[in-house]
Amino acid sequence: MPILSVLIRHGTGSLRACQCLCWFLLAAVPSGLAGGGLNLPPPRPAEAPGGRAVALLVSGLDLKAREAVLLQEIMSGNVPEFWRKYVEVTIDEGGYRLVFLAAPDYLAVGSNDDFFRTPVTPAVAEAVAARFRCTLPTPKMVDAIYHAAAVKLTPVPRPPGPDMTTMPAFLAYQETVRAQRAATLTAFPPGALVAGHQKDIVLTSRLAEDSGKVAIYGWHRLDGTPIQPLFTGHAETWVDYSHGVRLVSQDVRLNGRPSTVRAILRDPRLAPLLSGESPPAPSQPVPDKPGKPGGL
């Protein structure tokens, strides 16, 4: 019996088991197409289901089974075409110019015309980031992405309640975002950098003490201030409608020369470019040798 069928039928177990399954699935899926320094998913299969169909498919599953299905869809290439074209974000500070590449929108499954932004746990977010030679952003990078965004959407929080972690709440909120984004499509077609509509799962040094937690930040108002300060109060299994995964390429350019997010964060002189914390937020592992990020 296929592993996903087993998981769906017997969807109980620990988060550690879920993390192990994530890495098993990552190893089982062929590597994606090279995109400069990025390692993008393979082309979207012609028979791949749309985002709403995937969301409805997983709506009755527990967290572990749901994330296994979402992960398989992402790694098989069932992501919007526009999401594959990362956008440059520039930080000019202290005599340095650092340019990094950010996904134009939050991680989603489906096609350009029918996609579903997928709130997931940090275990899945980090696994996907590692496979694509990416990282999660720091809060400072989230701020930079927001300020660089061509499209700034207004956050529309839902009333807090027990349903905020359910698929109906995810779908309802995504319909709100879809309507907002539709009003900007003529001026800014799919692929423009969009921000303001979700909180980010982020890297932070706080997790060294708050292990077993998810770190979230952002959901910026139109004046540039975040609704959500950096917060590590939820368990790592908490996933609600407002969470999003914004991937950032590990490869950057610093004053025109190639480097990596990891190398920048490990250098005490340079770390403040990407992290406002002391000590700086730790980066996800990546080879020190930089790639050749497309467009940088």
Side-chain angles (χ1 to χ4, degrees), residues 2-9 11-12 18 21-22 25-26 29 41-84 103-125 127-129 132 153 155-182 185 190 194 196-201 214 216 219 234 237-247:
I3 187 167
L4 286 183
S5 297
V6 174
L7 186 65
I8 291 170
R9 289 181 61 184
T12 59
C18 179
L21 176 70
C22 289
L25 289 173
L26 287 171
V29 178
R44 185 171 183 267
E47 70 281 5
R52 185 169 182 82
V54 173
L56 293 175
L57 172 67
V58 302
S59 62
L61 304 180
D62 67 15
L63 177 63
K64 185 174 67 168
R66 181 177 83 204
E67 295 209 325
V69 174
L70 293 174
L71 184 63
Q72 179 163 293
E73 290 296 325
I74 293 164
M75 300 313 298
S76 69
N78 189 10
V79 299
E81 185 61 29
F82 74 79
W83 183 84
R84 301 167 185 267
D105 206 332
Y106 291 101
L107 183 64
V109 296
S111 66
N112 275 10
D113 298 323
D114 178 10
F115 63 90
F116 170 64
R117 298 177 185 86
T118 58
V120 294
T121 60
V124 170
V128 173
F132 294 164
L153 300 180
V156 186
R158 293 170 57 85
D163 70 329
M164 64 193 301
T165 62
T166 66
M167 191 57 64
F170 297 176
L171 285 168
Y173 184 68
Q174 289 304 320
E175 280 300 304
T176 298
V177 174
R178 184 197 63 76
Q180 285 185 304
R181 183 67 177 99
L185 285 174
V194 184
H197 48 313
Q198 294 194 254
K199 303 172 187 175
D200 283 77
I201 300 177
V214 57
I216 52 176
W219 220 8
H234 289 311
T237 52
W238 178 268
V239 184
D240 72 44
Y241 73 94
S242 67
H243 292 192
V245 176
R246 174 92 66 176
L247 296 189

In chain order, what residues pass the side chain to side chain donor-acceptor pair (under 3.5 Å) check against Asn78, with sequence neighbours excluded? Arg44, Glu73
Taking only residues two or more places apart in sequence or in another chain, which ones pass side chain to side chain donor-acceptor pair (under 3.5 Å) with Trp219? Tyr173
Closest heavy-atom pair and its distance - [X], [Y]:
X      : Y      : answer
Ala169 : Tyr241 : O-CB, 3.9 Å
Thr121 : Thr237 : CG2-CA, 4.3 Å
Ser76  : Pro42  : O-CG, 3.6 Å

With side chains defined as the heavy atoms from C-beta onward, is the minimum distance between [X] and [Y] less than 4.5 Å?
X      : Y      : value
Val128 : Val245 : no
Leu185 : Pro190 : yes
Ser242 : Met164 : no

Report the residues that fulfil salt bridge (charged side-chain N to carboxylate O under 4.0 Å, His left out) with [X], sequence neighbours left out, ordered by chain and then residue number.
X      : value
Arg158 : Asp163
Asp200 : none
Arg246 : none

Those residues that, when tested against Pro168, pass side chain to side chain contact (heavy atoms under 4.5 Å, CB included) (two or more places apart): Thr166
Among residues at least two apart in sequence or on other chains, which ones pass side chain to side chain contact (heavy atoms under 4.5 Å, CB included) with Thr165?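 With neighbours one apart ignored, the set is Trp238, Asp240.
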Is there a side chain to side chain contact (heavy atoms under 4.5 Å, CB included) between Val124 and Leu70 once you walk through the steps? CA-CA 9 Å; Val124 170; Leu70 293 174; over 6 Å; no
Where at least one partner belongs to residues 165-182, residue pairs that pass salt bridge (charged side-chain N to carboxylate O under 4.0 Å, His left out), sequence neighbours excluded: Glu175-Arg178
Would you confirm whether the ring centroid of His197 sits within less than 6.0 angstrom of the ring centroid of Tyr106?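 Between His197 and Tyr106, which both carry aromatic rings, the centre distance is below 6.0 Å.
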Distance-only criterion, 3.5 Å: show the donor-acceptor pairs between side-chain atoms of residues 107-116 and protein atoms not counting sequence neighbours.
{"from": "Ser111", "atom 1": "OG", "to": "Asp113", "atom 2": "N", "distance (Å)": "3.4"}
{"from": "Ser111", "atom 1": "OG", "to": "Asp114", "atom 2": "N", "distance (Å)": "3.1"}
{"from": "Asn112", "atom 1": "OD1", "to": "Glu81", "atom 2": "N", "distance (Å)": "2.9"}
{"from": "Asn112", "atom 1": "OD1", "to": "Phe82", "atom 2": "N", "distance (Å)": "3.1"}
{"from": "Asp114", "atom 1": "OD1", "to": "Gly51", "atom 2": "N", "distance (Å)": "3.4"}
{"from": "Asp114", "atom 1": "OD1", "to": "Arg52", "atom 2": "N", "distance (Å)": "3.2"}

Before you tell me yes or no, could you show the steps for Phe170 and Val239 under side chain to side chain contact (heavy atoms under 4.5 Å, CB included), namely the whole-Å CA-CA distance, both residues' side-chain angles and the distance that decides it to 0.1 Å? CA-CA 10 Å; Phe170 297 176; Val239 184; 4.2 Å; yes
How many angstroms lie between atom [atom1] of [X] and atom [atom2] of [Y], to the nearest 0.5 angstrom?
X      : Y      : atom1 : atom2 : answer
Leu153 : Thr176 : CG    : OG1   : 11.5 Å
Lys199 : His243 : NZ    : NE2   : 5.5 Å
Leu247 : Phe132 : CG    : CZ    : 7.5 Å

Using modelled atom types only, decide if a donor and an acceptor are shared between the side chain of Arg66 and the backbone of Ala55 within a distance under 3.5 Å. no
